[in-house]
Protein chains: 2
Amino acid sequence: MDERKTRILEAIVKDYIESAEPVGSRTLARKHDLGVSPATIRNEMADLEMLGYLEHIHTSSGRIPSSKGYRFYVDDLLPPRPLGAREKALIDKWYRAKVKAIDEVFKETARIISRVTGNVSMVLAPQMNKAAFRCLQFLPLDDYRAIAVLMTDAGFVENRIVPLPDGASFEDFQRMARVINDTLAGVTLDALPPGSLKKIRAEIGDEEIYQAAIEIINRSLDNEKKERLYLGGTGEMLSQPEFRDVERVKEILLMLEEEELMRDILHAHVGNGLTVSIGQENDYKGAKDLSIITATYRLGGELIGTIAVMGPTRMEYEKAMALLDYMNGHLSEVVQKFRW
Amino acid sequence: MDERKTRILEAIVKDYIESAEPVGSRTLARKHDLGVSPATIRNEMADLEMLGYLEHIHTSSGRIPSSKGYRFYVDDLLPPRPLGAREKALIDKWYRAKVKAIDEVFKETARIISRVTGNVSMVLAPQMNKAAFRCLQFLPLDDYRAIAVLMTDAGFVENRIVPLPDGASFEDFQRMARVINDTLAGVTLDALPPGSLKKIRAEIGDEEIYQAAIEIINRSLDNEKKERLYLGGTGEMLSQPEFRDVERVKEILLMLEEEELMRDILHAHVGNGLTVSIGQENDYKGAKDLSIITATYRLGGELIGTIAVMGPTRMEYEKAMALLDYMNGHLSEVVQKFRW
DNA sequence: AGTTAGCACTCTTTTTCATAGAGTGCTAAC
DNA sequence: GTTAGCACTCTATGAAAAAGAGTGCTAACT
């Protein structure tokens, strides 16, 4: 990979990202001032194809970048470019206007991402079990039931209706809450230390109430393991010429509707900061011609959520990465603020 | 509209719903045993077109039903058919397997509807302000803040972080909660009787705490006026031949992403029980070639939510209506159960 | 040895044209 | 009132031709 090959590859990737059309040697020579003739470019292209950076649809159409080509472009050619001040200001303004509740932060984040990039965006809201336990309270409902309200570090409140076991009174539950609060304060929900359960059991005494307590904690965990997924831009996506085929669109929409699947895909891609996964590199076979960029946000060093862009491999990586990076910082900050 | 015209119109609508192709006289005569020749059918078709029940794309293609044609079909020709026992059993089973929390009832309802009808489905979860106030509680958070938990009749719990005004203690808040609970129990949130506010004010005494109380109630209302909208089947929809055109699909997806808009559309269509709105009849211009069927569910006579199917005017009305009717009853029941 | 011009060849896209098929509308006969 | 027949219209389909873009290779050039 000498200097010239690099420049030509870069030009091809850029052109293709812009035009969505296979790039030929002549056009390339005309548009970019590479200082060599189309013939030379053709030779270089043949080399680049041999090396696996480019692909050929058929004998006589221009080249398109392969996954490897994009990979090289993203890793070695893209200067990390921060988002422009104007865009930042716009985003901040949008947030201020739209966001009234914590839920909406995620929704609007997804919206902004899809608007700016023209692709599908996904936002995984913080997982409760990754957040630390803060406090558990009960509210009386009637003689048989109470509402358990569970709060975490990240500003989330979860509630659940729980039946009172026979013979237990609301006061028993209050006591149970006190014990649990004392024991679990600050503990991460997905890693309850085994000792703490024993301690709770000992403190509570009554076996039936202890079972109820465990039940509540487990139920909350159960539900919250499925973090909320916010999707945006399914309509936007159709502007991309690669989705002119309705069948393909259908496949993708069906995929997007499988929340479980999308969560799995996002989890698989989580890394440190920005992660780019290009075409073939994706594990899921329905995404072999898609690229996924993810960014993760943290709270106190602990990973609690993910935002992502998904689009055709021919994607404006630079823009998407800069945006994701910014939104990520933003989101971390917002979640931070909601911490108490 | 004599007997024969009616039969012919019915045959055309059914054929068109099934095939999505304009229906011609010859084919119609062959498939249905109408006892008359194609020529007669042609004459009748011409009449039906004159009367506005049928339409013509161009001189020599078969007829397709107009909005008026569908309307006649739906109103006068469709026998109200309940859902088959097998389907019902399937749905009930599905619910049992999938639904673990109240949220999921709505999500899965949307999913079932879109699966069965092959169209987009929408479910509006109960509005809090249509439900009756049940109880307000506070949980201490830190020295400056508390969590207000608001519960309603319909089984929903809403929480919100509220700052304690200067000089107020948590005990003041507890007292305030007591007053509010006593005063507002059973009152519908969107119609707080003016007298009750005065009463609360008098009881609380302290002006600042009173303001905080009002603030909390208002904020909750504010947020809950936007009931949750669950969407399903955007992928399913693409199986319909009328959506072979990507541009059209894009428009619809963009429309569906506008939650506000969708809510408005649903609200506009709400009636008693099943409502069918066909093509032109729709107010929103992006839905002029779509039909929307809605059903509303109630709690104690009060309307609290809506479920809907949206698809091309060429829709299996019979199936969709039967399904919606069943799901509706089901949902009313579920919400009822969650009542306390 | 690297670079370039030239040219034959390939493959796609677009256009044109002809044809087949489905359907209508009208007239005249039943 | 119903039907058969027929001319006419419009669409869909497919073949063939032409245009366009691009490659790969060879030979010439620096």
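Residue numbering restarts at 1 for every chain, and letters A, B, ... go by the order of the sequence lines.
Both B:H58 and A:G24 lie near DNA chain D, and the one whose nearest nucleotide falls closer to the 5' end is B:H58. When each of B:I57 and B:V36 is assigned the nucleotide of DNA chain D with its nearest heavy atom, B:V36 is the one assigned upstream, toward the 5' end.
First and last contacting nucleotides of DNA chain D toward chain B (any atom under 4.0 angstrom from a heavy atom, 5' to 3' order): D:dT2 to D:dT11.
The pair B:E281-B:R71 meets the salt-bridge criterion, with a side-chain N (NZ, NE, NH1 or NH2) lying under 4.0 Å from an Asp/Glu carboxylate O. For the pair A:E251 and A:R248, the salt-bridge criterion is met [side-chain N within less than 4.0 Å of a carboxylate O].
Contacts with DNA chain D (heavy atom under 4.0 Å) in residues 38-56 of chain B: B:A39, B:T40, B:R42, B:N43, listed by number.
Seen from the ring of B:Y53, B:K68 counts as a face-on cation partner, given the 6.0 Å and 45° thresholds.
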Salt bridge (Lys or Arg N to Asp or Glu O under 4.0 Å) assessment of B:R111 paired with A:E257: CA-CA 9 Å; B:R111 200 187 192 85; A:E257 277 185 16; 5.9 Å; no
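The salt bridge (charged side-chain N to carboxylate O under 4.0 Å, His left out) test with B:D47 singles out one residue from B:R4, B:K5, B:R42, and that residue is B:K5.
Here the P atom of nucleotide C:dG2 and the CD atom of A:E3 are 17 Å apart, to the nearest Å.
At least one donor-acceptor pair closer than 3.5 Å links the side chain of B:R244 to the backbone N or O of B:P241.
Here D:dA28 sits opposite C:dT3 as a Watson-Crick or G-U wobble pair (both hydrogen-bonding atom distances under 3.5 Å). Within the shown strands, D:dG1 is the pairing partner of C:dC30 under the Watson-Crick or G-U definition, both distances less than 3.5 Å.
Taking the six-membered ring where tryptophan is involved, the planes of B:Y70 and B:Y317 are tilted, since the angle between them lies from 30° to 60°.
Checked by atom type, the side-chain pair B:T117/B:K319 shows no donor-acceptor distance below 3.5 Å.
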